[in-house]
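What follows is one structure encoded as structure tokens, with my remarks underneath.
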Protein chains: 2
Amino acid sequence: MSTELDPIDERIVALLSADGRMTNAALADAIGLAPSTVHTRVRALVDRGVITGFHAALDQGALGRGLQAVIGVTLRPGARQESIRAFTQEVRRIPEVIQVFFLGGADDFLVHIAVEDSSAVRRFVVDHLSARHSVASTRTSLIFEYHRNAVAADFD
Amino acid sequence: MSTELDPIDERIVALLSADGRMTNAALADAIGLAPSTVHTRVRALVDRGVITGFHAALDQGALGRGLQAVIGVTLRPGARQESIRAFTQEVRRIPEVIQVFFLGGADDFLVHIAVEDSSAVRRFVVDHLSARHSVASTRTSLIFEYHRNAVAADFD
DNA sequence: CGTGAAAAACCGAACAA
DNA sequence: TTGTTCGGTTTTTCACG
């Protein structure tokens with residue numbers, strides 16, 4: 001929230017988004033400022049909550065999860081906010097889950113998972129989604145390609 | 001690809017996924033090894049491609065993009081691989097785009113965007129998606145909540 | 001493969017401008 | 001707000017177990 005970023009902060013943010021381990025010295029001479037200035041700004045960005053964290057990106061295939069899928073989920077019409085909250089909280093704790101989107105639109109949720117193979121997809125849907133009373137239907141799509149420009153912070 | 005990780009590598013990967021700026025010393029005593037050992041393993045994980053990078057997570061709202069959406073896209077039945085490749089390559093370069101999923105299923109693509117407001121959503125869809133000859137239809141859903149457990153590497 | 005020690009690089013804070 | 005200096009920390013390499 002709050003006020004926009006100045007052009008220098010925008011460059012810092014863009015650079016750290018691409019390489020979160022860039023040193024202040026590297027940032028400094030990519031931008032043309034002194035390292036200490038960059039340091040001050042980076043810390044300010046973190047303190048302000050513009051940068052919410054730093055994370056390693058993982059090749060899921062190398063972790064034995066070579067198949068990814070997106071599952072659209074619709075809840076029963078009667079589902080109340082409690083069951084929506086419960087659904088979110090519980091689904092996001094499952095280790096195969098990479099992201100959870102709570103939507104307004106045709107589907108109520110999108111769940112992005114990475115698993116070992118197609119039978120693990122089926123198991124995931126059956127065990128964790130269809131098994132829930134609040135879930136009305138699911139629609140599974142396999143992911144053939146995936147591209148990420150940025151890492152978005154969690155929000156609700 | 002390739003061989004599974006041993007339990008120590010798995011812990012390193014989990015810790016760096018949560019905090020990509022943990023120092024080797026911090027990793028070392030979370031795990032019970034010497035910092036130099038941890039360092040060697042982290043570098044090996046990066047060299048092997050298990051860890052594909054480190055990235056700052058950004059509060060999109062703080063960047064003036066307080067509204068996120070997912071847009072399901074279907075291409076014309078006649079769309080050939082060339083136009084699919086072109087679509088992916090061009091869409092992912094648009095700055096509002098956070099992620100692009102190329103799917104097998106009902107939709108051909110999912111595009112995750114962060115923009116300023118709802119009129120920017122409409123503009124995005126009209127200018128960048130509907131305007132394309134290869135796009136048959138789009139279905140936009142606003143994102144009310146978003147949760148991320150991990151950062152997945154790009155793949156195709 | 002893991003360790004400890006040594007060298008280089010880097011960070012973070014204090015201060016000056 | 002930016003630049004400079006400096007002590008402490010972190011990274012990185014390497015010889016050894």
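In what follows, chains carry the letters A, B, and so on, assigned in the order in which the sequence lines appear, proteins first and then strands, with residues in each chain numbered from 1. Because the structure is a prediction, the values reported are computed rather than measured.
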Length of the [atom1]-[atom2] vector between [X] and [N], whole Å:
X: A:Leu27; N: D:dG3; atom1: CG; atom2: C1'; value: 17 Å
X: A:Asp29; N: D:dT4; atom1: CG; atom2: C1'; value: 17 Å
X: A:Asp47; N: C:dA13; atom1: CG; atom2: C1'; value: 14 Å
X: B:Leu45; N: C:dC1; atom1: CG; atom2: C1'; value: 14 Å

Would you check if the distance from the ring center of B:Phe102 to the ring center of A:Tyr146 is below 6.0 Å?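 No, ring centres 6.0 Å or more apart.
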Strictly under 6.0 Å, is that where the ring centroids of A:Phe109 and A:Phe87 end up?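 Yes, ring centres under 6.0 Å apart.
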I'd like to know if [X] pairs up with [Y] as an ion pair, taking the criterion as any Lys NZ or Arg NE/NH1/NH2 lying under 4.0 Å from an Asp or Glu carboxylate oxygen.
X: A:Arg132; Y: A:Asp127; result: no
X: A:Arg92; Y: A:Asp154; result: yes
X: B:Asp9; Y: B:Arg48; result: yes

Quick check on B:Arg21: does its CZ atom have over 12 non-hydrogen neighbours (other residues, nucleotides or ligands) under 6.0 Å away?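 Atom CZ in B:Arg21 is packed in, count exceeds 12.
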Report, as a single string ordered 5' to 3', how protein heavy atoms within less than 4.0 Å touch nucleotides 8-17 of chain D: B base, S sugar-phosphate only, - not at all. ---SBB----
Divergence of helical axes at both termini of the helix from C:dG2-D:dC16 to C:dA17-D:dT1 - five pairs an end, 10° steps: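 Its terminal axes enclose an angle near 20°.
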The criterion is side chain to side chain contact (heavy atoms under 4.5 Å, CB included); which residues satisfy it with A:Thr23, sequence neighbours excluded?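 Only A:Ala25, A:Ala26 meet the side chain to side chain contact (heavy atoms under 4.5 Å, CB included) criterion with A:Thr23.
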B:Ser141 to A:Leu103 - nearest heavy-atom pair and separation: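 Result for this residue pair: CB-CD1, 3.9 Å.
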Using a cut-off of less than 4.0 Å, is there contact between a side-chain N or O of A:Arg41 and OP1 or OP2 of D:dT2?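 Answer yes for this pair, as a side-chain N or O of A:Arg41 is under 4.0 Å from OP1 or OP2.
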